[in-house]
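As the structure is a computational prediction, the values presented were derived from the model and not from experiment. Numbered from 1 within each chain, the chains take letters A, B, ... in sequence-line order. Reckoned from all heavy atoms, side chains included, excluding hydrogens, waters and symmetry mates.
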2 protein chains.
Amino acid sequence: MTEATRRERLRAETEREIRQAARALLVESGQDAVTLRAIARKLGITAPALYRYYDSHDALLRQLCDDICADMAAALYADLAADTSGEVGCKVRAVCHAFRRWALAHPQEFALVFASPRDPLGADQFGSVFLQLAGPLIASNQDANHVDEPVPAVLHEDLVRFQQVLRDAVAEHGVTLADEVLNLGKIYHVVQSWVRLYGHVALEVFGRFPFAVSNPEPMFDSMLDQMLADIGFAENG
Amino acid sequence: MTEATRRERLRAETEREIRQAARALLVESGQDAVTLRAIARKLGITAPALYRYYDSHDALLRQLCDDICADMAAALYADLAADTSGEVGCKVRAVCHAFRRWALAHPQEFALVFASPRDPLGADQFGSVFLQLAGPLIASNQDANHVDEPVPAVLHEDLVRFQQVLRDAVAEHGVTLADEVLNLGKIYHVVQSWVRLYGHVALEVFGRFPFAVSNPEPMFDSMLDQMLADIGFAENG
DNA sequence: CGGTTTTAGTGAACGGTGTTTACAAGAGTT
DNA sequence: AACTCTTGTAAACACCGTTCACTAAAACCG
């Protein structure tokens, strides 16, 4: 059954424990608490031993980011699947709510993954999460009544590239999109929706609204309403 | 001329040097490089001496945030004043561009002040910056043709409070606003504009757009167009 | 002026960090 | 059994925030 050698199994197990310990420290005590020595302490080993698994503290942090992204994607996907209504608008709303809920529940992780000037690279992982969610949603919204609004010509190049990325992502789900469905106007609205979704969530997580918002959820809902309307879903989807 | 004692002058000078050194370290090498020992080293003193000026490393970081906010506010205000056109739409556009430019030029400062889960408190300083800019703009836009759109009832309480904050901010500039000008619908749009402005800038600074944007400025311009239209300014203001 | 108090700064120390190096002990292989 | 590769340890280095006892000078005051 186990095709790997005994040593490989042990190594994989230790690596799993390292990630788990790092994650626990991040959640319990914040990013600064994720130290090599603290992780090693949780495993009952010494700090230098961790260098057999990761090149540096920074590399471990990067791995942690990827794990977080994967977990978040799984959580969002679960919420998406839990919405049994066929309405695509409902699904979008569900996944947006799940994103906000996740960010508020994991502010440290959110800051590390989404608001860190550290890495220009981890974007791969993040992009795949985004596409994994946006892809199916777009694929299941082929009948949306949305006209092709004109988009500034300067944006065409970037939007066409993004269009191709989205098309590929959807194709992985076995769906082929017509150009009328995935027109540039809609692509642009997808990007703009991400701007607003991210903006609201980050502002809420970091407490940077220009005044104290006593109850941010209705404001989030209100923004979603307008966002969904812009993107071509029915108001009460 | 110098009404302060010699000691007070020296103390003020040292404090100025501390802030300056901290700022330089942040810009040169990132937030993690702003250590007490590094600051002290730049001044030619020892680290414990800094405790005569700040209670802790964190307190110094807070002061740094405030300084950054003040500097940014000054820069934005300068750009705002540099726009000699009477058009309010142009002024809004100018200050938004200035904000983006500042954030891209000072990513470390931006991350520290706007995307740090650290303090729920420094918000005072930040809020005052926001109001210092938004106040005059709203005050000079009294003739905007903007109808009072309905706003979800749940938001009324918060929006009314923000309305009062804005009214006070504008009053400091010697202008009194009528309710028709500063209606709740417009207040809501101001908040939504901040969401989009912040969202775009943060995504660009942190490189978190879902695909590589080759030339983000036109996209920013495009967003501003829609934002200004929503908020009641003319398209080519 | 002389004595006292207040202040800015020092140096040593404590416990913490990431990281490197030399070394030991076990697992796997031949 | 001998050899290699892997996984861990212990010690050390340089750095960090912070505390504490202490000095030297400035400011104050009778």
Pairing of A:R62 and A:D58 as salt bridge, 4.0 angstrom limit
yes
Please state how far atom CG in A:D58 lies from atom C1' in C:dG18, giving the value in whole angstrom units.
11 Å
Rounding to an integer number of Å, can you tell me how far B:H57 NE2 sits from D:dC15 C1'?
13 Å
Specify the separation, in whole Å, of atom CZ of B:R41 and atom P of D:dC15.
7 Å
Out of D:dG17, C:dT19, D:dT7, which nucleotide sits closest to the side chain of B:T35?
D:dG17
Is there a side-chain polar atom (N or O) of A:T46 under 4.0 Å from OP1 or OP2 of D:dT9?
yes
Ring-plane angle category for A:H200 and A:F209, please: parallel below 30°, perpendicular beyond 60°, tilted otherwise.
perpendicular
Nearest-Å distance, CG (B:L36) to P (D:dC15)?
15 Å
Should the pair A:R9-A:E13 be classified as a salt bridge under the 4.0 Å nitrogen-to-oxygen rule?
no
Closest-nucleotide mapping onto DNA chain C: is B:R52 or A:Y51 further toward the 5' terminus? I mean the 5' end.
B:R52
Lys/Arg N to Asp/Glu carboxylate O, A:E8 vs A:R11, below 4.0 Å:
no
To the nearest Å, how far apart are A:I39 CD1 and C:dT19 P?
11 Å
Rounded to whole Å, CG of A:D32 lies from C1' of D:dG17 at a distance of 12 Å
Distance, rounded to the nearest Å, where A:E8 contributes CD and C:dG28 contributes P:
10 Å
Measure from the side-chain heavy atoms of B:P48 and tell me the nearest of C:dT21, C:dG9, D:dT18.
D:dT18
With a cut-off of less than 4.0 Å, is there a side-chain N or O of A:Y53 near OP1 or OP2 of D:dT7?
no
Plane angle bin for A:F211 and B:F162 - parallel if under 30°, tilted between 30 and 60°, otherwise perpendicular
parallel
Quiz item: A:R37 side-chain donor-acceptor pair to C:dG16 base, under 3.5 Å
no
So A:Y54, base contact, sugar-phosphate only, or nothing? Heavy-atom distance under 4.0 Å.
nothing
Atom CD of B:Q31 and atom C1' of D:dC16 are separated, to the nearest Å, by 15 Å
